Amino acid sequence: MQHYSGFGLIKHSLSHHENWQRAWRNPTPKKKYDVIVIGGGGHGLATAYYLAKEFGVTEVAVIEKGYIGGGNTGRNTTIVRSNYLWDEAAHLYEHAMCLWEGLSQDLNYNVMFSQRGVLNLGHTLQDMRDIHRRVNANRLNGIDSEALDTKQVQEIVPYMDCSANTRYPVLGASWQPRAGVARHDAVAWGYARGADAHGVDIFQQTEVTDLIIEDGACVGVKTNRYGDIRADRVGSVTAGNSSVIAAMGGFELPLESHPLQALVSEPIKPILDTVVMSNHVHGYISQSDKGDLVIGAGIDGYNGYGQRGSFPTIEHTLQAILELFPIFSRVRMNRQWGGIVDTCPDACPIISETPIQNLYFNCGWGTGGFKATPGSGHVFAASLAKGEMHPLAKPFSMFRFHTGALVDEHGAAGVAH
Ligand code: FAD
Ligand code: PYC
């Protein structure tokens, strides 16, 4: 197993409880902020952190209806990679990857970023053609990416069934060595602690119930706990609830909210020291540093906000995983859960101005936003600080659905949704 980057550089680390208490001090809201960030997931907290630390905007409030990191940030399978097909997406995710590489040191908090590599398997000739195309595109963008054959894959994952007799034989894979996993809740806590240290106010258990709009401009939010809170700019970073916030502004977003599920096994001894994903069989798996097998599914086809998913999807995923790893057939599963992901028609995010002045949205990350957390927060903070979209964000305007300038990452993202 590879070890966490930067471990030796961490000066001190608060316990979970101390973190919780610190983030929980729930300050009294000021009458007015420079920026309100709606949503205390990884992206919202990263936005607040970079606003204060990089752009000198410290009068920032993060308003979270539940607890920080309790949304998709704390529910995902933690895969971090930047091997996207199109230049616009590749640049954005690679920006995030570069920030991941220094994140534990930057936050002085161990986010357990572990660059153990990610394999995206190919099971058909067409899969392999797509893999070669994506690998070539990645390399042209300076992103580490290789196309491997069956034998090379088997060397990296000796316990996977790579024989020719399986229903979906492994013909090869794309391999990104710098990709890996991180500890998702530590990301939320690390950004929250960093933002707090720079003067950001974080309000948990506080729901934004409406936007305050005057003369076509957003001037604040209404909350269930503190009434009206005003700000010069408001950024919504609410993932699966983004359409609800957009409706408060009187416009629609081309988003669908779907359940996406994952599950973990009981801890077992180290057996898998990389990340295996398969578009074709609909499953992805890694092993956490605690020893649990971390397994994720495809989205459920129906829309919903229930933060739980359906049994048939999980059953299908486990069939897929067992096809690849018959050796795991007797491993007992421990916990299963769902998150609500916000998917765009072109499987790319929205980081955008809106029809309402001073109201900005960062959403639509769907099944793949954990990996983007530092990059998303950084470019959104830059945009909120300046009142002008960061160059890396510009291709992800919500208005691309009017002009047709979509960045279609369907399937190319290595997950089948
Ligand atoms: P969230 O963490 O969901 O934060 C949004 C916050 O907004 C929530 O805390 C919510 O409570 C709050 N909120 C909503 N409405 C309001 C309101 N009205 N007022 C105040 N607060 C509000 N991505 C990857 O890159 N790799 C993966 O391996 C991966 N696996 C996944 C597996 C699963 C099962 C799931 C569900 C997702 C997965 N993802 C993955 C996707 C990733 O988790 C998300 O894209 C990412 O975490 C989104 O972060 P966020 O901060 O935007 O959203
Ligand atoms: O985008 O890498 C990804 C991913 C993995 C699992 C869900 N999304």
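When a ligand or atom number is given, it counts from 1 through the structure's own listing order. A quick note: this is a predicted structure, and the numbers were derived from the prediction, not measured.
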Fit a plane to each ring of His184 and Phe370, take the angle between them on a 0 to 90° scale, and name the class: parallel (under 30°), tilted (30 to 60°) or perpendicular (over 60°). perpendicular
(message) Salt bridge check, Asp289 against Arg116: does any charged N sit closer than 4.0 Å to a carboxylate O?
(response) yes
The atoms of ligand 2 lying under 4.0 Å from a heavy atom of Thr77, numbered in the order shown, are 6 (C)
The closest protein heavy-atom partner of atom 25 (O) of ligand 1 is Lys371 N, 2.8 Å
A student checking ligand 2 against Lys371 at a 4.0 Å heavy-atom cut-off should list atoms 1 (O), 2 (O), 3 (C)
For atom 4 (O) of ligand 1, the closest protein heavy atom turns out to be Gly41 CA, 3.4 Å
(request) Ignoring angles and geometry beyond distance, decide whether Ile38 reaches within less than 3.5 Å of ligand 1 through its nitrogen or oxygen atoms. (result) no
So for His184 against ligand 1, with non-hydrogen atoms under 4.0 Å, the contacting part is neither
d(Gln176 CD, Arg134 CZ) to nearest 0.5 Å is 9.0 Å
When distances are taken from atom 38 (C) of ligand 1, the protein heavy atom at minimum range is Asn76 CB, 3.2 Å
Quick one about Gln115 and Glu101 (side-chain donor to acceptor, distance below 3.5 Å, no hydrogens or angles considered), yes or no? yes
Q.
Is there a polar contact between ligand 1 and Val341, counting only N or O atoms under 3.5 Å apart?
A. no
Is Val244 close enough to touch ligand 1? Criterion: a residue heavy atom under 4.0 Å from a ligand atom.
no
In this structure, atom 40 (C) of ligand 1 is nearest to the protein heavy atom Thr367 O, 2.9 Å
the protein heavy atom lying closest to atom 18 (N) of ligand 1 turns out to be Val208 O, 3.1 Å
min-distance protein heavy atom vs atom 2 (O) of ligand 1 -> Thr73 OG1, 2.6 Å
Logged contact type for Phe370 with ligand 2, heavy-atom cut-off 4.0 Å, is neither
Distance col, row Trp175:CH2 vs Ile131:CD1, nearest 0.5 angstrom, shows 13.5 Å
